[in-house]
Amino acid sequence: MMSFHEMKDKDYIPQKTQLMMMIGGGFGLAKTLLLNLSDLKKLRIIPPNSERYIRPTRPYDLPSFESSMKLCVSEEKYLRPTLHCDHHEPEVIALAHQLGAYKKTDKEFAEDAFHFVKENMTLEIIAFNPVSETIKRGTGTCIHLISVFIALCRAAGIKARYKMFAMNMIKAWYDAVVDVDPLVKKWYDSMGYFMIEGEGEIYIDGEWIVAHVGPKAERQAAAGIPITKFGEDSLGRWFFAIPGSIMVMESIPFGLAGAIRGLSKIAPGSMERVNISIQKQIASGKKIIADAGGVEAYDKNAREKMEIKQPTLQLQTKDEIVFS
Amino acid sequence: MIDFNTYMDNLHKNISSYAPQKTEQPELYESLFKPKDIYRIPLDEAEKMQLKTIKAAFIHHYNNNPFYHNFCKEHSITPEDIKTNDDLTKIPLIPDKFFKDYPEGKEYATWIANIYTGELPKIVIKQKKPTYDDVIDAFHEAGIYVTYSSGTGGRHTFIPRDKTTFLNAEYTLAKSLVPMIYPLWKHDSYGYLLMPNPKLNFIFAGKALEIYFDAVKNVEVAIDRKINTELIEMTMHGKKGLKSKIVRHIASKGAKNMIDDIIDWLEVRDKANDTITLVGAPYILYAVMEKLKQQGRSFNFGERGGVATGGGWKIHEHKRMPVSDFRKEVKDVLGIPEKFCLDIYGMVEGNGWLTQCPEGHYLHAPYSFYKPLVLDEEFKPAEYGEWGQYAFLDGAARSYPGFIVTGDKVRLLKRCPVCDRPGPVLEPEVKRVKGADVRGCAEEVRRMLTSDLGD
């Protein structure tokens, strides 16, 4: 059994900021549910003859695993297996090798892993599971998808970690993910922000490089924002984190999985409604990209739109400001 | 009925201390102070005023604000390039996000000082690790109002206003609203400010309404407590901790009493046959009307009553109330006619207020000193009638460059399709552009009070 020290070292114990966010989210959710029991009764299941969520077909084949495949077995921080992110699983190793592990430079591999996850895997609100299951299914929350990216990189011997933060959603995502279900909406609004959003980070040539794998191009197109590239941080560009909420960690901490599992038991209908809406958002994004003439054309156009020139401000000390 | 000139002269008597001075701001004096009705200036005259006022503001910022000067150099624009009204669109516009990108602690004070146009007074910051509120208080002691808004996206927008700019913001508000509600306004009347007390606060949702206390003799305030950035974090952003819980508990009690207090006030004013105005966030008035409906009560103020709202139309978590529905409800529950129920569109980054006309409820721009623009997808000015991103050139901003691109999506029309005022108007429906966060000062107040009311 893992010692407390080991759990702490691997970041299984939530950081204070995250703990506060999880407790806040839990209380927020409990309060929302308790104060809306009649809504909950109505909304927890999808009525017969209503639209149902159909999971999209996985758009890739699973490569076969061979025991001769090279694997990173280091126990060094950021290279070892962590909660829901075990890169020793055969599906992870096989996929990492298919993507060129140990044949490409670290940067080339990480970039290909980034594109694989971002372009092939789809957002679905679902309980946490081992990373191999996410690969087999092809869907998951943004944290599932970040875990796939991290596991692939670790399997290829590249240090990888999570970067998590709380943020207010942009309106288009709010409309698609929150506004579609009254319970989720009440929960979100009682919190003022969604509990967690994240990115992956990998360590190459002495620096951490960010990878925003969560939203696929179609979702970003539906939101009217550019498509995040490898090494490009969404924060400070088209998202703003709640001040003080940014955390980096080796592992998904304890507790996060329980929260999503709890929600899936209590309000499965709400989760399904959100998933239906995400699919619609993706369909709308697909059309936007097609109308723009493809992903690159869309992205170029969106960047031109987003990137209205900002003034540069280099802070200069002012004699009139006196710090006593 | 009082004639319009006397009506506006009476207003001036009460708010003359806010008016732009000829010696200090000669162009704004001509374009804002001198016209009796800023919405009825003939277009050719207004265009001359607009060019002079906005060009003067541009020259001022070009010469006195290093970051904006460099920004203009990057765009290869100098004041010599601005010769006609059409040239005004060459003025480099600052995205509103720029004013959200601030550091913390001592650097925050330096950031404010760096975006400020002109000479700063001496500002003493006593704290080792100053909070935003410490810095705001220190600037205020030196005579600068750091107004802020929109914590709804997780980041405030901070705008430093010197006394001149702040007075301009207040004066333009009165000068925009009062002609539109002619002949309702009179000094000897009763007002209820449905916003945080501007005398205690710097949140722009309400701050610019300090003038209300001079324009109207008897004014009550709905949220009569200090609301600083820390409190907003506690009430709106779900900040945790015992202190936050205590604050929320007290706020919750206060908010429930607030609705009862407003109803009591309405009852007294109705019995006394007084003239009343209610100015501020629609959410509060909506809560009052809902309670009155629950109690099966209503009033009939008729032409003795007026309502001016601002800051967005999200009335309830479940619905965004159409402005026309709100007006109907005001008519049904308070008996105030729709012509005296007007919405105002403004924001912390600007000092011009677009005000609905009583006839068609289109949002009229104060076009003699303020140029509204709609930008297309390439950030170029769009034609009238096109939907696009709202931007403006504000000739009343002295302490920061008020040439702003907002995150709002609007449709600008050359003139009002309903009334005979000659200037440009926005359609009443203002949306957020894709990718922009949810915002609006009434949305801030609504979320704060939603939390307070335990809704």
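Lettering of chains follows the sequences in order, A, B, ..., and the numbering in each one begins at 1.
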Q: Where does T312(A) contact chain B at under 4.5 Å (heavy atoms): side chain, backbone, both or neither?
A: both
Q: Please look at E119(B) and chain A and tell me whether the side chain, the backbone, both or neither of the residue comes under 4.5 angstrom of a heavy atom of that chain.
A: neither
Q: Heavy-atom distance under 4.5 Å between the side chains of I321(A) and F139(B), does that happen here?
A: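 Of all side-chain heavy-atom pairs linking F139(B) with I321(A), at least one is under 4.5 Å.
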Q: If you count the non-hydrogen atoms of other residues, nucleotides and ligands that lie under 6.0 Å from NZ in K286(A), is the total more than 12?
A: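 No, NZ of K286(A) has 12 or fewer neighbouring heavy atoms, counting only those of other groups under 6.0 Å.
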Q: Which one wins on heavy-atom pair count under 4.5 Å against chain A: P121(B), P66(B), A142(B)?
A: P121(B)
Q: So, taking the atom named CG in D319(A) and the one named CD1 in I123(B), what distance separates them when rounded to the nearest 0.5 Å?
A: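 With rounding to 0.5 Å, CG (D319(A)) is 12.0 Å from CD1 (I123(B)).
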Q: Taking all heavy atoms of V322(A) and all of K122(B), pick out the closest pair and write down the distance.
A: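 Between these two residues, the closest heavy atoms are CG2-CE, 3.7 Å.
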Q: Below 4.5 Å from any heavy atom of chain A, which atoms of P92(B) appear? Answer side chain, backbone, both or neither.
A: neither
Q: What heavy-atom pair brings L315(A) and E107(B) nearest, and what distance separates the two atoms?
A: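 Shortest heavy-atom contact: CD1-O, 3.9 Å.
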Q: Grab the two heavy atoms, one from F98(B) and one from Q310(A), that are nearest each other, plus how far apart they are.
A: CB-OE1, 3.2 Å
Q: Rounded to the nearest 0.5 Å, how far does CD of Q127(B) lie from CZ of F323(A)?
A: 10.5 Å
Q: Answer yes or no: does atom CD of E296(A) have more than 12 heavy-atom neighbours from other residues, nucleotides or ligands under 6.0 Å?
A: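 12 or below, so no.
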